[in-house]
Amino acid sequence: MRFEEFTTRFVQQTGKKEGPISPVMINSASFGYGNSETGEGIFDGSIKKPLYARVGNPTSGQLEQILASMDGGIGAVAASSGMGATAMATLSLLRAGDEIISIGGLFGGTYSYFSETLTRFGITTRFFDVDEFTAVEEAVNTATKIIFLESVGNPNMRLPDIARIAEIANRYGVALVVDNTITPLSIAPLSLGADMVVYSTTKIITGNASALGGAVVFRPIRDGEDKFKGDRYRDVHPFIQKMGSMALIANAKKRALRDFGMSANGFGSYLTMLGLETLPLRMDRIVSSVETVAKALYAKRLAVNHPSLPHHPHHNRYRDQFANGCGTLLTLDLGSKEAAFEFLNRSKLITITANIGDSRTLGLHMASTIYRDFDEPTREFLGITPGLVRISIGLENAEEIVADFLHAANI
Ligand SMILES: *Cc1c(COP(=O)(O)O)cnc(C)c1O
């Protein structure tokens, strides 16, 4: 399992050998410069000291370094939430008239951000299923600035072929942004050819509902040829000239973080690092529990959707490209809203909430909550049936989860 390589690294990176072992939490909103010369140096970038918490906080800085090393990036920028991170990654590249190609089932907030909010600013998004490779290629034009995908369709559980989509993005010179919230450590999007990785650290990374947060991890701009040096990304060129390999970070900080203020806070980043220390252990346990639960429920003829099951359309992709699992989620179709409510209400383990990736098993009826404002065709596209319940498996004993679910389903 890929998780093993992170067990040593994360605890060593968060703790210190001298002085305070737990990460030092700095919550100051502003920082004194001492003298005007230092102030000038901080603003022109020649002195690396904190400027103001909206554009960087030292505790968040430690978290950013760990997240960048986790994904093999050149740097990361922490954000106030996962949506803040998605906004930062996308707004740093977009201007009115641009287009986004969005692939796969989308987190509800991201879907409304693309389909409702960005359209008000003249930015169009076209949505495709994970396997519509030809249609995606045909949709690319000179206005296309971003191909966006989620590593696991939430809640449709469809799996993208990330390397193949990255190949298309790179062939056409379009930036690929991957939301890897559900599969940190399992999937390494930058090594598969992505340019930016977006996280909601609120979910499995922190893992216990203690902190809202997000982050974007960036790849370096390459010496020689690089798609960001092409005409499509003229707005990024000044940052490439000034910052070289670090350009995408500087661009995101100036074009999004500084001006929109989706900044992380020190306390949240501290709690997120405490979560990171145990992330590999929790991922390892949960991806194996999810398979156990899916298999047991399927054996009892419940309509369970998870790619580890042989009849799932992406079972082969799960086996070949998701060897470290696809996160904490599975879905159950109970057939009707009434049956779904009864299942959730009868369960003694499930915490009913919109969150995912927690130490506890969580569940939610989709159509009456996150997707209630969506019209019927959109719900169908996103795979939201009337009886659909999304489950995020937690750290409880897997056999106890199975027993609880069977009882809840009157089996
Ligand atoms: C929760 C979630 C987000 C948004 O994150 P917040 O921290 O709630 O803003 C984005 N993408 C995915 C896949 C998520 O599950």
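As the structure lists them, so they are numbered: ligands from 1, and atoms in each ligand from 1. FYI, the numbering just counts along the sequence from 1. For clarity, every value in this text was computed on a predicted model and none was experimentally measured.
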Exercise. Among Leu302, Ile391, Ile411, find the one that has a side-chain contact (heavy atoms from CB on, under 4.5 Å) with Phe405.
Key: Ile391
Quiz prompt | Closest contact, heavy atoms only, Leu364 versus Thr353 | solution = CB-O, 3.5 Å
Which residue holds the protein heavy atom closest to [atom], what is that atom called, and what is the gap in Å?
| atom | result |
| --- | --- |
| atom 11 (N) of ligand 1 | Asp179 OD2, 2.6 Å |
| atom 14 (C) of ligand 1 | Lys203 NZ, 2.9 Å |
| atom 3 (C) of ligand 1 | Phe107 CE2, 3.4 Å |
| atom 6 (P) of ligand 1 | Gly82 N, 3.3 Å |

Exercise. Could you tell me whether Asp195 and Lys227 make a salt bridge, using a distance below 4.0 angstrom between a side-chain N and a carboxylate O?
Key: yes
Where ligand 1 meets [X] - atom numbers and elements under 4.0 angstrom, heavy-atom basis:
| X | answer |
| --- | --- |
| Ser81 | 7 (O), 9 (O) |
| Gly213 | 7 (O) |
| Ile356 | 15 (O) |
| Thr202 | 7 (O) |
| Met83 | 4 (C), 5 (O), 6 (P), 9 (O) |
| Leu212 | 7 (O) |

Self-check item: Asn355, portion touching ligand 1 at heavy-atom distance under 4.0 Å
Solution: neither
Quiz prompt | Part of Thr201 with heavy atoms under 4.0 Å of ligand 1, whether side chain, backbone, both or neither | solution = neither
Quiz item: Any chance CD of Glu137 has more than 12 other-residue heavy atoms, nucleotides or ligands included, within less than 6.0 Å?
Solution: yes
Self-check item: Ring-face cation of Arg317 near Phe322 (centre distance under 6.0 Å, axis angle within 45°)
Solution: no
Quiz item: Looking only at N/O atoms, are Glu150 and ligand 1 under 3.5 Å apart anywhere?
Solution: no
Quiz item: Taking the six-membered ring for Trp, are Phe228 and Phe239 ring centroids under 6.0 Å apart?
Solution: no
Quiz item: Quick check, are the ring centers of Tyr371 and Phe374 under 6.0 angstrom apart?
Solution: yes
Quiz prompt | Geometric class of the Tyr270/Phe267 ring pair [parallel <30°, tilted 30-60°, perpendicular >60°] | solution = parallel
Quiz item: Are Gly84 and ligand 1 in contact, using a heavy-atom cut-off of under 4.0 Å?
Solution: no
Practice problem: Using the test side-chain hydrogen bond (donor to acceptor under 3.5 Å, both in side chains), find all partners of Lys145 that sit at least two apart in sequence or belong to another chain. | Solution: Asp98
